[in-house]
Q: 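Please find one structure pasted underneath; my questions will follow.
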Amino acid sequence: MHITIWDHEALPVKKIKGKLVLWKHYQINGDVNAVSIPKIIEQNSNSLRSRYLSFVFELGESKIFEKRLTEHFEIHTNFNYWWMTLVSEKCNFAKSPYITDAIRIFALDDWSKSKSIEKIRLFTSNKILAKCIKNWSETKGIPFECTIKTKIFRSIQLKKRLFFLLPSTLRGIGWLIFFLSENWSLRGQGLNEWRRSKGRITFVTYLFNLDSESRNKGEFKSPFWTTLPKKLNQERVKSNWLHLYVKDKELPNSKEAAKAIHKFNENVFQTHVTLASFLSSSVIIKTISDWVTLRKKSKRLSAEVCKLPTIKILWPLFIKDWKNSILGQVAISNLLYYNLFKSAFEMLSTQEKGVYLQENQGWELGLCQAWRNNGHRELIGFPHATIPYWDLRYFFDNRTYKKDRSIIPRPDKVACNGKNALEKYKKGGYPVPELIEVEAVRYLYLNEIKKKKRVMMPSGKRRLLVVGDYLESNTLKQLKLLEMAVTGINEGTQITIKPHPGCPLPLKRYTKSKMRIETKPLEELLYKYDLVYASITTSAAVDAYCSGLPVITFIDGSALNLSPLRECDGVSYVSKPEELATLINTLDINPCNVINGKDYFYLDSDLPKWKNVLLGDFSI
């Protein structure tokens with residue numbers, strides 16, 4: 001049998017002889033000679049996800065020069081950098097999208113085992129993928145041909161283009177200079193209050209998307225924590241807040257961020273600093289020294305790692321992340337964050353509890369190590385939003401947790417904000433005694449939205465809310481499908497686009513199509529609409545779902561199904577404009593057909609679970 005692997009967004013115009021393997025498409029349009037790799041992945045998701053997690057684990061356990069690969073990354077006693085690399089982080093939706101191709105290759109490998117393949121032909125614009133498929137074909141002894149089509153790149157800013165053309169080392173140095181220039185105004189801000197703090201609970205969070213009215217009054221109100229800081233104040237509990245500043249329209253520069261920190265510190269029960277408050281010449285020198293040590297330790301590794309049977313086929317996919325994690329901006333940023341956390345935690349008296357927003361980004365693994373190295377007590381990771389099945393950052397091979405291995409630095413407990421998150425962690429093999437329950441503070445507004453009466457539109461008219469993605473590429477694809485579907489949508493349908501706050505887009509072209517743009521928070525919008533059209537990764541889909549609105553999710557085979565509603569009933573997925581138009585016109589929008597948000601999240605607004613975790617004993 002001859003197979004043709006088709007890795008282009010447009011389907012082939014001419015009929016392909018032999019078996020057609022669609023690399024990025026769910027739709028095979030009834031072609032009996034076609035097979036969809038995305039469909040195979042969905043049908044075999046558990047085994048393929050486990051296979052990738054096993055692959056990463058076994059790579060770390062591989063022996064090089066008589067030591068495990070993980071052991072080569074021990075920079076200091078009790079500080080292992082391996083867990084902060086992009087390879088270990090597994091951020092398949094943003095930082096390391098190549099992981100999708102690795103899983104596709106695993107799916108192809110499984111599918112091919114029962115086939116007698118005489119020849120493979122690949123059509124692609126991805127030279128790296130071509131190398132991997134060629135490597136795979138050679139291991140199988142199958143002749144391989146490849147036709148590479150020049151890829152048309154979307155225009156990007158000149159500064160970004162020049163930055164990515166630089167060698168990894170120069171990008172690392174450039175990132176450090178940029179970070180220091182952007183954050184220097186925060187240096188020393190709040191340190192006196194931090195040193196004197198009597199608080200015994202520390203929160204690590206983002207200084208981003210704050211409520212401006214509350215900020216002007218000196219009240220810290222964050223969408224990540226909503227009423228929790230106020231509840232602690234009412235209990236007269238002193239707390240420490242360590243912020244990672246992220247530029248946005250409310251705090252457009254570090255000087256404005258410094259003013260906000262100063263204002264927040266007027267609260268007698270709270271102490272606020274930013275991570276950049278701990279910038280100093282000694283921290284910068286330590287960071288550069290650690291970077292030099294890392295480079296020296298890993299100098300001989302690259303030539304050996306690429307030869308490992310574990311990774312040999314896939315190595316072309318990993319080269320960029322490997323270099324970036326050791327030589328580039330990922331290395332310098334992770335090491336700087338570790339040294340800043342180390343400095344921050346050294347200044348505090350012994351903390352009883354620490355809580356951080358958990359997404360398992362590389363710097364979080366540095367946070368865990370810095371916390372423990374300074375003798376603080378219980379550390380709690382809090383995944384504040386949702387746990388998508390295919391977000392690999394939240395999942396590890398079960399052997400990772402065994403004590404006879406190179407154990408991953410992790411919090412003492414993971415605080416699950418609902419039944420859905422709890423079950424995801426359990427099914428993923430996370431140690432159950434380390435799981436606790438807390439209220440989903442970010443979603444408490446769902447209690448109020450259910451009380452608001454939704455006004456029904458006249459017959460035949462509907463209000464569609466389009467919620468965008470954090471990633472610009474995902475949002476653009478989502479909106480492109482909507483534009484193509486518009487001619488098939490019933491007249492009188494009102495379409496409103498709400499961009500993600502972290503992904504502003506030039507939206508004039510959509511307003512010309514009579515689509516409205518809305519920037520208000522979701523809690524002020526959802527009850528005014530009849531149905532929601534969501535991007536594949538946005539957690540806003542869950543807000544809509546738990547509010548009782550029908551949710552339509554855009555999906556295409558170019559990425560894994562990263563929807564946080566992937567395993568939930570009653571969610572519609574579309575990849576064609578006619579499918580989208582039909583659903584917008586015909587979905588049942590009866591307000592009686594609602595989903596109970598309490599079945600997804602813990603939503604008691606009195607926060608008894610949080611009070612128990614922070615002020616009482618840990619228990620499930």
Side-chain angles (χ1 to χ4, degrees), residues 56 59-91 95-96 98 128 162-181 183 275-276 278-308 310-312 314-343 360-370 373 406 408-409:
V56 174
L59 176 62
E61 292 292 300
S62 300
K63 289 288 186 73
I64 297 178
F65 306 130
E66 306 301 319
K67 291 170 67 175
R68 292 172 182 161
L69 181 58
T70 54
E71 293 174 318
H72 285 282
F73 287 84
E74 291 174 357
I75 295 178
H76 301 300
T77 304
N78 299 323
F79 176 48
N80 189 310
Y81 179 77
W82 167 256
W83 307 105
M84 302 174 75
T85 63
L86 292 172
V87 178
S88 178
E89 183 177 338
K90 310 181 302 297
C91 184
K95 299 178 185 177
S96 306
Y98 67 82
I128 294 174
L162 293 174
F163 179 75
F164 287 115
L165 287 174
L166 293 173
S168 298
T169 300
L170 290 180
R171 289 205 304 269
I173 294 170
W175 181 92
L176 180 60
I177 293 170
F178 178 79
F179 180 88
L180 295 177
S181 64
N183 291 274
L275 193 61
F278 299 91
L279 282 171
S280 65
S281 57
S282 62
V283 164
I284 295 169
I285 290 168
K286 285 178 185 176
T287 298
I288 294 172
S289 175
D290 287 344
W291 193 27
V292 171
T293 301
L294 174 65
R295 293 164 68 93
K296 286 180 179 177
K297 282 179 170 285
S298 60
K299 193 171 184 180
R300 295 189 299 159
L301 288 179
S302 297
E304 299 300 320
V305 170
C306 64
K307 299 175 186 176
L308 292 171
T310 312
I311 199 174
K312 188 175 180 179
L314 301 177
W315 179 245
L317 291 172
F318 284 80
I319 292 172
K320 283 186 179 179
D321 272 6
W322 177 267
K323 289 182 178 179
N324 201 358
S325 295
I326 297 170
L327 307 175
Q329 67 266 33
V330 169
I332 199 74
S333 63
N334 279 340
L335 291 170
L336 178 62
Y337 276 36
Y338 169 75
N339 282 298
L340 289 170
F341 280 122
K342 188 168 175 284
S343 179
N360 286 329
Q361 295 191 61
W363 60 262
E364 295 172 38
L365 286 298
L367 180 157
C368 291
Q369 295 179 81
N373 292 345
S406 302
I408 183 171

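Keep in mind that what you see is a predicted model, and the values were worked out from it rather than measured. The figures that follow rest on heavy atoms only: side chains count, while hydrogens, waters and symmetry mates do not.
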Q: Specify whether W322 and F73 have parallel, tilted or perpendicular ring planes, treating 30° as the upper limit for parallel and 60° as the lower limit for perpendicular.
A: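 Taking F73 first and then W322, their aromatic rings stand perpendicular (interplane angle over 60°).
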
Q: Could you report the tightest heavy-atom contact between G60 and W82, atom names first, then the distance?
A: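 Taking G60 first and W82 second, the nearest heavy atoms are CA-CZ2, 3.8 Å.
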
Q: List the residues meeting side-chain contact (heavy atoms from CB on, under 4.5 Å) with T287, not counting sequence neighbours, and say none if there are none.
A: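 Residues passing side-chain contact (heavy atoms from CB on, under 4.5 Å) with T287: V283, I332, L335, L336, N339.
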
Q: For F65 versus E304, what's the shortest heavy-atom pair and its separation?
A: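 Between these two residues, the closest heavy atoms are CZ-CG, 3.5 Å.
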
Q: What pair of heavy atoms forms the shortest contact from P316 to K312, and how long is it?
A: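 That would be CD-O, 4.3 Å.
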
Q: Less than 4.5 Å apart, side chain to side chain, heavy atoms only: is that true for R68 and K63?
A: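 In contact.
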
Q: Distance check, rounded to the nearest 0.5 Å: K286 atom NZ versus L340 atom CG?
A: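 Separation between the atoms: 10.5 Å.
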
Q: Nearest 0.5 angstrom please: N334 CG to L86 CG, how far?
A: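 Atom-to-atom, N334:CG and L86:CG are 7.5 Å apart.
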
Q: The criterion is side chain to side chain donor-acceptor pair (under 3.5 Å); which residues satisfy it with W315, sequence neighbours excluded?
A: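 Checked W315 against side chain to side chain donor-acceptor pair (under 3.5 Å); zero matches.
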
Q: Strictly distance-based, threshold 3.5 Å: is any side-chain N or O of R171 a donor or acceptor partner for the main-chain N or O of Q329?
A: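 Such a contact is absent between R171 side chain and Q329 backbone.
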
Q: In chain order, what residues pass the side chain to side chain donor-acceptor pair (under 3.5 Å) check against S96, with sequence neighbours excluded?
A: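 For S96 the side chain to side chain donor-acceptor pair (under 3.5 Å) partners, ignoring immediate neighbours, are D321.
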
Q: Between the main-chain N or O of I177 and the side-chain N or O of S181, is there a donor-acceptor pair closer than 3.5 Å?
A: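 The answer is yes, because a donor-acceptor pair under 3.5 Å joins these two groups.
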
Q: Tell me which donor-acceptor pairs under 3.5 Å the side chains of residues 361-368 have, and how far apart each pair is, sequence neighbours excluded?
A:
| from | atom 1 | to | atom 2 | distance (Å) |
| --- | --- | --- | --- | --- |
| Q361 | OE1 | K95 | NZ | 3.3 |
| Q361 | NE2 | Y206 | OH | 3.1 |
| Q361 | NE2 | E359 | OE1 | 2.8 |
| E364 | OE1 | E359 | N | 3.0 |
| E364 | OE1 | N360 | N | 2.8 |
| E364 | OE2 | E359 | N | 3.1 |
| E364 | OE2 | N360 | N | 3.1 |
| E364 | OE2 | Q361 | N | 3.0 |

Q: Taking only residues two or more places apart in sequence or in another chain, which ones pass side-chain contact (heavy atoms from CB on, under 4.5 Å) with R295?
A: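 Applying side-chain contact (heavy atoms from CB on, under 4.5 Å) to R295 gives T169, W291, L327.
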
Q: For Y81 and S325, work out which heavy atoms get closest and say how close.
A: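 For Y81 versus S325, the nearest heavy atoms are OH-O, 2.5 Å.
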
Q: Identify, with sequence neighbours excluded, every residue that meets side-chain contact (heavy atoms from CB on, under 4.5 Å) alongside K67.
A: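 E71, H72.
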
Q: Determine whether a donor-acceptor pair (N or O, by modelled atom type, separation under 3.5 Å) exists between the side chain of N324 and the backbone of K320.
A: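 No, because the side chain of N324 does not come within donor-acceptor range (under 3.5 Å) of the backbone of K320.
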
Q: Atom CG in D290, atom CD1 in I75: separation rounded to 0.5 Å?
A: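 Result: 5.5 Å between the selected atoms.
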
Q: Nearest 0.5 Å please: distance from the CD1 atom of I128 over to the CD1 atom of I319.
A: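 It comes to 7.5 Å.
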
Q: Counting only N and O atoms by type, is there a donor-acceptor contact under 3.5 Å from the side chain of Q369 to the main-chain atoms of P409?
A: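 Answer holds: no.
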
Q: For F318, what residues pass the ring pair (Phe, Tyr, Trp, His ring centres under 6.0 Å) criterion, not counting sequence neighbours?
A: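 With neighbours one apart ignored, the set is F55, Y98.
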
Q: Any salt bridge (charged side-chain N to carboxylate O under 4.0 Å, His left out) involving residues 322-343? Give me the pairs, sequence neighbours left out, ordered by first then second residue.
A: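 Sorted pair list: K342-E346.
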
Q: Within the 4.5 Å heavy-atom criterion, are I326 and L301 side-chain neighbours or not?
A: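 No, too far: nothing below the 4.5 Å cut-off.
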
Q: Applying side-chain contact (heavy atoms from CB on, under 4.5 Å), can you list everything that pairs with L308, at least two apart in sequence or on another chain?
A: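 Expected list: L59, S62, I64, V305, I311.
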
Q: With sequence neighbours excluded, tell me which residues meet side chain to side chain donor-acceptor pair (under 3.5 Å) with S289.
A: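 Checked S289 against side chain to side chain donor-acceptor pair (under 3.5 Å); zero matches.
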
Q: Return the set of residues passing side chain to side chain donor-acceptor pair (under 3.5 Å) with S280 (not counting sequence neighbours), or none when no residue passes.
A: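 In terms of side chain to side chain donor-acceptor pair (under 3.5 Å), with neighbours along the sequence ignored, S280 is linked to S282.
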
